[in-house]
There are 2 protein chains.
Amino acid sequence: MTIDILLVDDHPVVRSGLRAVLEASEGLSVVGEAATGEEAVVLAEHLRPAVVLCDLRLGAGMDGIATTAALRALAPAPAVLILTTFDRDAEILGAIEAGAAGYLLKDVAPAAIIDAIQRAARGDTVLGPDLAARVIQGIRNPLPRLTEREHDVLRLLATGAGNREMAKSLLVSEATVKSHLVHIFSKLDVDSRSRAVHVARQRGLL
Amino acid sequence: MTIDILLVDDHPVVRSGLRAVLEASEGLSVVGEAATGEEAVVLAEHLRPAVVLCDLRLGAGMDGIATTAALRALAPAPAVLILTTFDRDAEILGAIEAGAAGYLLKDVAPAAIIDAIQRAARGDTVLGPDLAARVIQGIRNPLPRLTEREHDVLRLLATGAGNREMAKSLLVSEATVKSHLVHIFSKLDVDSRSRAVHVARQRGLL
DNA sequence: TCCCGTCTCAACCGTTCGATGGAGGCGCGG
DNA sequence: CCGCGCCTCCATCGAACGGTTGAGACGGGA
């Protein structure tokens, strides 16, 4: 019994590469390709693939996480495997939360991709060996969630804005901005705006 | 007469994709694949490809720019086309300086890649339509070059380090660090450390 | 030779930042 | 209803930062 697969990636070259790699394997069949998340959902409804291989970054429009959520809302829902170049905690964990069956780094060997797809088709979750531990640690030691407003401040912070500037952008007083900053610093365990931006980048919060 | 091509990319999937796309075209022949810059140079010496398609980011070891320089030092030198996901000024310009015949964004259509290779094989330079203008502007309006020491400071700055911390890392006094910072601010046309990091990122200086 | 760029350091001063310790309002769920 | 989290704001204060000016040392190039 062959496994039907839908590819979702905004790079034509990557799609071709995946198709070439997967179709060389017995039991795998690429039934469709999509360049955007929107396209992916439409195709998945018609083609009913068992597994969707989805890039985390999809240029404009829906990102991989939103696409995952939309795909998982279908009935029957395909298993979704996330493809990614970098392994940022926040994004990958977000994808898992959205219902992804696992994730793959793009630089793995073809055999590993095939293996992961077969597992996903069986309903298994496939997490990279290193990530499994991190997920567990993430549950045990949850990353502090920033509030909406704190995210706003963080984004401006990353552009190098000062307190006064942020206050104007967000239409609040400087005191409020400082208050948010204190909370951000506390949650990220840092003591300066520059370091906050640095660890926020590391954790994929930007 | 067929054009011999060497692929250099650390992602097996991308290599497969490029191979699939290129071999579907008449007159193009992929004669080899390399996952690292070092490997690429060795293979290029033996296979003597007319064109090398080289990713800008190559995981560990030599990056795309260093690889380009090494390839161009061969005799006869292959034409080098740079592949990249993001279009950061500094890196692309660096690759051009190192002797690249042009660059391609990874999300272009296969036809554009084939076209670029054919041009490169003829000795043409192929710059993206948008970049050509930027190169010209870059010549007219050269980006201020940071000195070695200023780069050191900038790197530490990006990690969120304070002046005292940087001084200790670089084994100089705080006054010296501040001096470098003033020069960096001036060259990047900013007025704060956070903003310096921001524009440095935009310009690919990190 | 002298100039110029780079790296090094110093002192001064106004501004911004980060820490602290509050306070009130608002919405949501127990 | 009451608590809790979030957002908003205030005042104060020491530490850090940013701008300025000036200067000595070293090396390469005109």
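Below, read A as the first sequence line, B as the second, and so on, with proteins coming before strands; counting in each chain starts at 1. Everything numeric here is computed off the predicted structure, so don't read it as measured data.
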(request) Describe the nucleic acid contact of A:Thr147 in one word from base, sugar-phosphate, nothing, applying a heavy-atom distance below 4.0 Å. (result) sugar-phosphate
(request) List the steps and the verdict of side chain to side chain contact (heavy atoms under 4.5 Å, CB included) for A:Glu165 and B:Arg195. (result) CA-CA 12 Å; A:Glu165 201 174 338; B:Arg195 230 179 257 289; 2.5 Å; yes
(message) For a quick check, with a 4.0 angstrom heavy-atom cut-off, what is the B/S/- contact string for nucleotides 12-30 of chain C, read 5' to 3'?
(response) B---SSBBB----------
(request) Could I get the full list of salt bridge (Lys or Arg N to Asp or Glu O under 4.0 Å) partners for A:Arg48, not counting sequence neighbours? (result) none
(request) Take A:Asp115 and A:Val126, measure what side chain to side chain contact (heavy atoms under 4.5 Å, CB included) needs, and give me the verdict at the end. (result) CA-CA 9 Å; A:Asp115 182 57; A:Val126 286; over 6 Å; no
(request) Apply salt bridge (Lys or Arg N to Asp or Glu O under 4.0 Å) to B:Arg15 and list each qualifying residue two or more places apart in sequence or on a separate chain. (result) B:Glu33
(message) Please identify which of these residues, B:Arg155, B:Lys187, B:Arg145, meets the salt bridge (charged side-chain N to carboxylate O under 4.0 Å, His left out) condition with B:Glu150.
(response) B:Lys187
(request) Give a yes or no answer on whether the side chain of B:Arg149 reaches the backbone of B:Leu170 with a donor-acceptor pair at less than 3.5 Å. (result) yes
(request) Mark yes or no for whether B:Ser173, through its side chain, and B:Ala175, through its backbone, hold a donor-acceptor pair below 3.5 Å. (result) yes
(message) Using side-chain heavy atoms (C-beta onward) and a distance below 4.5 Å, is B:Gln118 in contact with B:Val51?
(response) no
(message) With rounding to the nearest 0.5 angstrom, report the CG to CD1 distance, B:Leu104 to B:Ile113.
(response) 6.0 Å
(message) Side chains of A:Val14 and A:Leu7, heavy atoms from C-beta outward: is any pair under 4.5 Å?
(response) no
(message) Does anything in residues 148-157 of chain A come within less than 4.0 Å of DNA chain D? Heavy atoms only, and list the residues if so.
(response) A:Glu148, A:Arg149
(request) Shoot me the first and last contacting nucleotide of DNA chain D against chain A, ordered 5' to 3', at under 4.0 angstrom to non-hydrogen atoms. (result) D:dC6 to D:dC10
(request) Hey, which sits more toward the 5' end of DNA chain D by its nearest nucleotide, A:Thr176 or A:Lys187? (result) A:Lys187
(request) Could you summarise the pairing of DNA chain D as dot-bracket text, marking Watson-Crick and G-U pairs under 3.5 Å with ( ) or [ ] inside the strand and | across strands? (result) ||||||||||||||||||||||||||||||
(request) Measure the shortest side-chain to side-chain distance between B:Leu58 and B:Thr67 over non-hydrogen atoms and say whether it is less than 4.5 angstrom. (result) yes
(message) It should be established whether B:His180 places a side-chain nitrogen or oxygen under 4.0 Å from OP1 or OP2 of nucleotide C:dT8.
(response) yes
(request) Using a 4.5 Å cut-off on heavy atoms from C-beta on, say whether the side chain of B:Leu105 contacts that of B:Leu83. (result) no
(message) Within this structure, what is the OG-CG distance for the pair B:Ser186 and B:Asp191, rounded to the nearest 0.5 Å?
(response) 12.0 Å
